[in-house]
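Let me begin by presenting the structure, written as structure tokens, before commenting on it.
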Amino acid sequence: SREFDNPIHTKCIEILCNLTRLGANNAELARNDGLIDTLVRCGKSKVLEDRIWALRTFQNISADASSKIILANSRILTLLSICAMRKDDEQAAAVASIYNLSTEPGAVVPLTNTRNVVATLVHLAHDTASLPEIRHLACDALATIGLWLQTLAGSGTVPAGVQKVLLPTHKTTGWQRWT
């Protein structure tokens, strides 16, 4: 729309991002649906600066513990995974946001269910063209997600009559295999 083409728009997103540098603001900002919608739209903007400011805003808000569950939804995670495949500041902010969200155990299901999030992290972790800081964040996010998944698997209820064994068992299963 017209307002996104206005040069003042970029400055407004920058000011908004600077508000998130004060951590006490982030819990309130995360709960503002209109703001989050605007940040998602700005994250898809043709204007690079708008995308960077929006992603840096997500990065700061996602550092707030009470905001992680709110931001861990497929719409935002899809945006972050797309932007994580770009370069420079945009990539750094997107990967840092994904990492921040990965530190919340309640975000593990959206992180693993949203298309391309895990694949993007795996790609970045092994991409020698990525900056070392990006590779480290991607590896850390994957390890954190893995830890939450292992914790979930280890806390499951073992049915009566089934032998309790340490996980992972590394045993394979088959169906009506011939020996």
Side-chain angles (χ1 to χ4, degrees), residues 10-33 35-149 151:
T10 300
K11 196 59 156 174
C12 291
I13 300 300
E14 178 184 354
I15 291 168
L16 179 62
C17 182
N18 283 318
L19 287 174
T20 66
R21 294 173 68 188
L22 300 167
N25 291 333
N26 293 331
E28 217 36 58
L29 293 172
R31 285 156 183 75
N32 184 323
D33 293 336
L35 171 77
I36 299 301
D37 290 343
T38 299
L39 290 174
V40 170
R41 287 181 65 193
C42 291
K44 297 175 182 178
S45 173
K46 294 176 186 172
V47 180
L48 175 62
E49 281 186 85
D50 285 0
R51 292 196 311 266
I52 292 170
W53 287 122
L55 291 167
R56 288 293 184 199
T57 303
F58 275 128
Q59 180 182 359
N60 287 345
I61 295 174
S62 68
D64 174 64
S66 68
S67 302
K68 294 178 186 196
I69 295 293
I70 297 167
L71 298 181
N73 63 62
S74 62
R75 186 171 63 125
I76 294 172
L77 291 169
T78 298
L79 172 69
L80 294 175
S81 64
I82 290 167
C83 293
M85 294 303 290
R86 296 185 176 137
K87 295 296 177 198
D88 303 320
D89 288 343
E90 189 173 1
Q91 182 182 53
V95 174
S97 298
I98 294 171
Y99 169 75
N100 287 345
L101 295 174
S102 78
T103 63
E104 167 57 46
V108 72
V109 171
L111 283 164
T112 55
N113 282 350
T114 302
R115 187 176 178 187
N116 292 331
V117 173
V118 173
T120 297
L121 292 171
V122 169
H123 171 77
L124 293 172
H126 295 279
D127 183 15
T128 55
S130 293
L131 295 173
E133 299 84 21
I134 300 295
R135 293 175 70 188
H136 181 267
L137 275 176
C139 288
D140 204 351
L142 287 168
T144 304
I145 292 167
L147 175 68
W148 297 134
L149 291 173
T151 301

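When a residue number appears, it is its place in the shown sequence, counting from 1. All values reported here derive from a predicted model rather than from experimental measurement.
What you find for A27 and S66 is that their closest heavy atoms are CB-OG, 3.4 Å. In this structure, A138 and L121 approach most closely via the heavy-atom pair CB-O, 3.5 Å. Nearest heavy-atom pair, V118 versus T112, reported as atom, atom and distance to 0.1 Å: CG2-CA, 4.2 Å. Between L48 and E90 the shortest heavy-atom distance is CD1-OE1, 3.4 Å. Summarising the geometry of T114 relative to S74, their closest heavy-atom pair is OG1-CA, 3.6 Å, with the distance given to 0.1 Å. Scanning all heavy atoms of the two residues, the minimum distance from N100 to Q59 falls at ND2-O, 3.0 Å.
In the model, N26 has no side-chain atom that pairs as donor or acceptor with a side-chain atom of T20 under 3.5 Å.
Under a 3.5 Å cut-off, the side chain of R86 and the backbone N or O of Q91 do not form any donor-acceptor pair.
Between E104 atom CD and D64 atom CG the span is 10.5 Å, to the nearest 0.5 Å. Note that the SG atom of C42 and the CD1 atom of I13 stand 3.5 Å from one another [nearest 0.5 Å]. Interatomic distance, T57 OG1 to L39 CG, rounded to the nearest 0.5 Å: 5.5 Å. Within the model, atoms CD1 of I36 and CG of L29 stand 7.5 Å from one another, a figure rounded to the nearest 0.5 Å. A distance of 7.5 Å separates NZ of K68 from OG of S102, quoted to the nearest 0.5 Å. Here L35 contributes atom CG and I61 contributes atom CD1; the two are 5.5 Å apart, rounded to the nearest 0.5 Å.
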What's the verdict on salt bridge (charged side-chain N to carboxylate O under 4.0 Å, His left out) for R75 and D37, showing C-alpha distance, side-chain angles and the deciding distance? CA-CA 10 Å; R75 186 171 63 125; D37 290 343; 2.9 Å; yes
Stepwise, does the side chain to side chain contact (heavy atoms under 4.5 Å, CB included) test hold for L77 with L111? CA-CA 7 Å; L77 291 169; L111 283 164; 3.6 Å; yes
Could you please spell out the steps behind the side chain to side chain contact (heavy atoms under 4.5 Å, CB included) verdict for R41 and D50? CA-CA 9 Å; R41 287 181 65 193; D50 285 0; over 6 Å; no
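L101 is listed as a side-chain neighbour of L80, based on a closest heavy-atom distance under 4.5 Å. Taking the side chain as every heavy atom from C-beta outward, F58 and L71 approach each other to under 4.5 Å. Looking at heavy atoms from C-beta onward, R56 lies in side-chain contact with D89 at the 4.5 angstrom threshold. Contact of the W148 side chain with the T144 side chain is registered, since non-hydrogen atoms from C-beta on lie closer than 4.5 Å. Side-chain contact between K44 and V40 is present, with heavy atoms from C-beta onward closer than 4.5 Å.
Counted within 6.0 Å of CZ on R31, heavy atoms from surrounding residues, nucleotides or ligands total more than 12; the atom is thus considered enclosed. The neighbour count for E14 CD, taken as heavy atoms of other residues, nucleotides or ligands under 6.0 Å away, is above 12. Dense packing is recorded around NZ of K87, with more than 12 heavy atoms of other residues, nucleotides or ligands lying under 6.0 Å away.
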